[in-house]
Number of protein chains: 2
Amino acid sequence: MRDVARAAGVSIGTVSKALNNAGSLKQETRERVTEAARSLGFRPNDLAQALHRGQSFTVGLISNDSFGRFTMPILEGLESVLYEERIAVFMCNATDDPERERQHIEQLMGKRVDGLVFTARRADKRPNLGVDLAGLPTVFVFSQSDDPHSFCLLPDDEGGAYLGAAHLITNGRRRIAHVTGPERFEAVQLRRDGCRKALADAGVPIRSNWFLSGEWSESWGRQAVDILFDDPDDVPDGILAGNDQIARGILDALRDRGIDVPGAVGVVGFDNWGVMAEAARPTLTSIDMNLNALGQEAGRRILAMIGGKRFSGVERLPCTLVVRESCGAKSKTTA
Amino acid sequence: MRDVARAAGVSIGTVSKALNNAGSLKQETRERVTEAARSLGFRPNDLAQALHRGQSFTVGLISNDSFGRFTMPILEGLESVLYEERIAVFMCNATDDPERERQHIEQLMGKRVDGLVFTARRADKRPNLGVDLAGLPTVFVFSQSDDPHSFCLLPDDEGGAYLGAAHLITNGRRRIAHVTGPERFEAVQLRRDGCRKALADAGVPIRSNWFLSGEWSESWGRQAVDILFDDPDDVPDGILAGNDQIARGILDALRDRGIDVPGAVGVVGFDNWGVMAEAARPTLTSIDMNLNALGQEAGRRILAMIGGKRFSGVERLPCTLVVRESCGAKSKTTA
DNA sequence: GTGAAAGCGCTAACAA
DNA sequence: TTGTTAGCGCTTTCAC
């Protein structure tokens, strides 16, 4: 900066004003300074600026998902929104270790981040680590905190499952099963509730023995088919899966049994995981949690919080139905 | 810091020394300061420190993979290594847009990152954007630069494919096919070379019409089986797939045809993509590119470069064979 | 063994 | 309209 001032023949304060489009300066001076800066390849030092202004233009993202499949779209959405405001994102992997998480938070606070975003493998409660965040803007995405004062952004699992079940019903299915993941996940419970509700609202009978809970795997999906289709006289004609892997397993097992999809049975997945859904035979209709949008919203909220706003409680963003072939409906996307 | 100095009844310089275990201080003073800092919840400001020292303890990672499946393990490895040295990682998504990439670099340089890591969807050449990195430590992981002076870290695709083909041969296969992705990928060519070499080294005949190039998809894998098994009197007994999706497609198609795997045909995949390989029937033996290790190595190199070392050229890290059921061998992992 | 002070690069308030 | 200057919070050299 000193060099630029010298080259442009002005004071150092003037350079600052010129480069920040601040204060009042003669147009000619402004240009002269800008030109000098450019030709010297001058790049202002954000650290110094941050030190002075007390704002670092950085945000930390702490994940315990080891940066998995769910974290990525969230990060992507978050980054894209923050980038527009010239804020950069620190990525930290806490690998489910509370101590490591604490250290990461310490490190980020040392770096004077303007905000903190927490995310996780699954949207389950996360114990409050005794770190004093000192009023630092914080949002939990796809993740929840113990602390009722904190702000959590989640997909509307219940609504998503409702959409999926309703889609099955719309396409003429009346004997609907639900094959999902481990009971301990809140998402499992919410999705089941959504499914039940859709059936109830449509006057479709609910068969409790067709609501199966297992693992988030293809192999569980296959097993579930063995259970559901054990008695050939009493089989479902529509299945809502708890995720796309389960759905894929279901599809494969039905295929093995020579059961036509979507002819005899309609299947809907959850997650809308591209590679999985597109490669399935038939291609899989699925519920999209819109994680990218969730990440974007997290970004907007953090920005608002940095601007002084406060949020708390849990907010849920809508899921979307992505129609492919496994239900026999015309292909489209609906909310 | 001023507050700590006051509380401990010492000068501000003494606080700095005490907290950094630097200089020579009476043990008692050191403790008194440390205690005061703790009780005041004092956290040193890294920005000020960085400003003074000219080192920010940050590194930028620029991806054009939209943070996809390959970026994640790399990021994970990188972050874990850098974290040990108290260096935090900025994540930037360039989404294949050179202009955006340039802006990200500008932003990161403004933040005075100590190093830059580039990564990409696939290990293909990346044009040099005309940004002057001013000698900033830079490494390309799973990605290459035009500039011969730059340093690139890649998986040994050729060696990996060699491993896979050799494994087929070891397990008694002599009629080996290779089904891979689009010709334009360097990885496709390297893997094919590796496959060829393994066959040649073992004196196994190479059937050019069994070397098939298509897409990186399950559906292409299925199609390829239709081609390879068209003439029932002349079919392969071992297939090396270019990636796990293709392998999965192959497995499904063979299953549909009632061809036993690994009995009649052995299949080896590439990528060792957990969800894909584990869910396959039979589970898929695959080549692992060890991307996490690649990320770790990138971290170590960046650290060395920050320490003054220079590297250039292309280095390739070995792939690993992960044995599951699709080849009929006992389960194990070998380099 | 400890304190004082200069300075990292920048901004903002105040003078000129 | 422009220059001067006092810090932002820290490290480090040099006195004491």
Side-chain angles (χ1 to χ4, degrees), chain A residues 1-38 40-58 86 88 106-114 134 136, chain B residues 1-38 40-58 86 88 106-114 134 136:
Chain A
M1 195 148 183
R2 191 202 294 301
D3 297 340
V4 178
R6 212 186 319 262
V10 295
S11 83
I12 204 164
T14 304
V15 174
S16 175
K17 278 178 215 160
L19 263 32
N20 293 308
N21 279 319
S24 56
L25 284 183
K26 220 193 316 181
Q27 183 59 20
E28 189 266 328
T29 316
R30 211 178 281 278
E31 279 163 10
R32 191 153 37 91
V33 172
T34 315
E35 173 51 25
R38 210 190 43 68
L40 288 176
F42 172 77
R43 216 186 315 262
N45 185 330
D46 284 8
L47 295 168
Q49 192 171 320
L51 179 59
H52 182 91
R53 301 225 264 232
Q55 196 197 341
S56 64
F57 282 88
T58 60
R86 315 195 37 64
E106 288 293 339
Q107 196 200 53
L108 291 173
M109 295 196 64
K111 294 212 180 307
R112 296 299 188 264
V113 290
D114 301 325
L136 191 67
Chain B
M1 194 146 183
R2 192 202 292 304
D3 297 340
V4 177
R6 212 186 320 261
V10 295
S11 83
I12 205 166
T14 304
V15 174
S16 174
K17 277 176 212 158
L19 261 33
N20 294 307
N21 280 319
S24 57
L25 284 185
K26 222 195 312 182
Q27 183 60 20
E28 190 266 329
T29 316
R30 211 177 280 277
E31 279 163 10
R32 191 153 38 91
V33 172
T34 315
E35 173 52 25
R38 211 191 42 69
L40 287 177
F42 172 78
R43 215 187 316 261
N45 185 330
D46 284 8
L47 295 169
Q49 192 170 320
L51 180 59
H52 182 91
R53 300 224 266 231
Q55 196 196 341
S56 64
F57 282 89
T58 60
R86 315 194 39 62
E106 287 294 339
Q107 197 201 54
L108 291 173
M109 294 196 67
K111 294 211 179 309
R112 296 301 189 263
V113 291
D114 301 325
L136 191 66

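Since the structure is predicted, the reported quantities are computational estimates derived from the model, not experimental observations. Each chain gets a letter, A, B and so on, in the order the sequences are listed, and its residues count up from 1. Computed over heavy atoms, backbone and side chain alike; hydrogens, waters and symmetry mates excluded.
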- Going by heavy atoms in the side chains, are A:S56 and B:L47 under 4.5 Å from each other? yes
- Figure out the CD/C1' separation between B:Q49 and D:dT11, and round it to whole Å. 8 Å
- Would you kindly give the CG-to-P distance between A:N21 and C:dA12, to the nearest whole Å? 13 Å
- Message: Base of C:dG1, side chain of B:K17 - is there a donor-acceptor contact under 3.5 Å?
- Response: no
- Query: Between B:R43 and A:G110, is there a donor-acceptor pair closer than 3.5 Å when you use the side chain of the first and the backbone of the second?
  - Reply: no
- Note on the structure: Looking only at C:dC10, D:dT1, D:dG9, the nucleotide nearest the A:F42 side chain is C:dC10
- Message: Given C:dC10, D:dG3, D:dG9, identify the nucleotide with an atom nearest to the side chain of A:M1.
- Response: C:dC10
- Determine the contact category for A:D46: base if any of its heavy atoms lies under 4.0 Å from a base atom, sugar-phosphate if only primed atoms, P, OP1 or OP2 are that close, otherwise nothing. nothing
- Message: Nearest to the B:S24 side chain among C:dT2, C:dC10, D:dT11, which nucleotide is it?
- Response: C:dT2
- Message: Counting distance alone, no hydrogens or angles: does the base of C:dG9 have a donor or acceptor under 3.5 Å from a partner atom on the side chain of A:H52?
- Response: no
- How is A:V10 classified with respect to the nucleic acid when contacts are heavy atoms under 4.0 Å: base, sugar-phosphate, or nothing? sugar-phosphate
- Correct closest heavy-atom pair for B:T29 and B:V10 would be CG2-CG1, 3.9 Å
- Message: Output the rounded distance in Å from CG (B:L25) to P (D:dT12).
- Response: 14 Å
- Answer yes or no: is there an ion pair linking B:E35 with B:R38, defined by an N-O contact shorter than 4.0 Å? yes
- Rounded off to whole Å, could you give me the CZ-to-P distance for the A:F57 and C:dG9 pair? 20 Å
- Check against side chain to side chain contact (heavy atoms under 4.5 Å, CB included), A:R112 and A:L51: CA-CA 9 Å; A:R112 296 299 188 264; A:L51 179 59; over 6 Å; no
- Message: If you only use heavy atoms from C-beta on, which nucleotide in C:dG1, C:dG3, D:dT12 is closest to the side chain of B:S11?
- Response: C:dG3
- Query: To the nearest Å, how far apart are B:R2 CZ and C:dG3 C1'?
  - Reply: 15 Å
- Just to confirm, is there a sub-4.0 Å distance from OP1 or OP2 of D:dC8 to any side-chain nitrogen or oxygen of B:N45? no
- Note on the structure: From CD1 of A:I12 across to C1' of C:dA12 the rounded distance in Å is 13 Å
- Query: Between D:dC10 atom P and B:R43 atom CZ, what is the distance in whole Å?
  - Reply: 12 Å
- Query: Atom CZ of B:R6 and atom C1' of D:dG9: how far apart are they, to the nearest Å?
  - Reply: 14 Å
- In terms of side-chain heavy atoms of B:A48, which of D:dG9, C:dT11, D:dT11 is nearest? D:dG9
- Between C:dT2, C:dC8, D:dT2, spot the one nearest the side chain of B:K26, thanks. C:dT2
- Side chain of A:T14 - closest among D:dG3, C:dG9, C:dG3: D:dG3
- Message: Nearest to the side chain of B:T29, heavy atoms from C-beta on, is which of D:dT11, C:dG1, C:dG9?
- Response: C:dG1
- Note on the structure: Note: B:K111 and A:T58 closest approach over all heavy atoms is CE-CG2, 3.9 Å
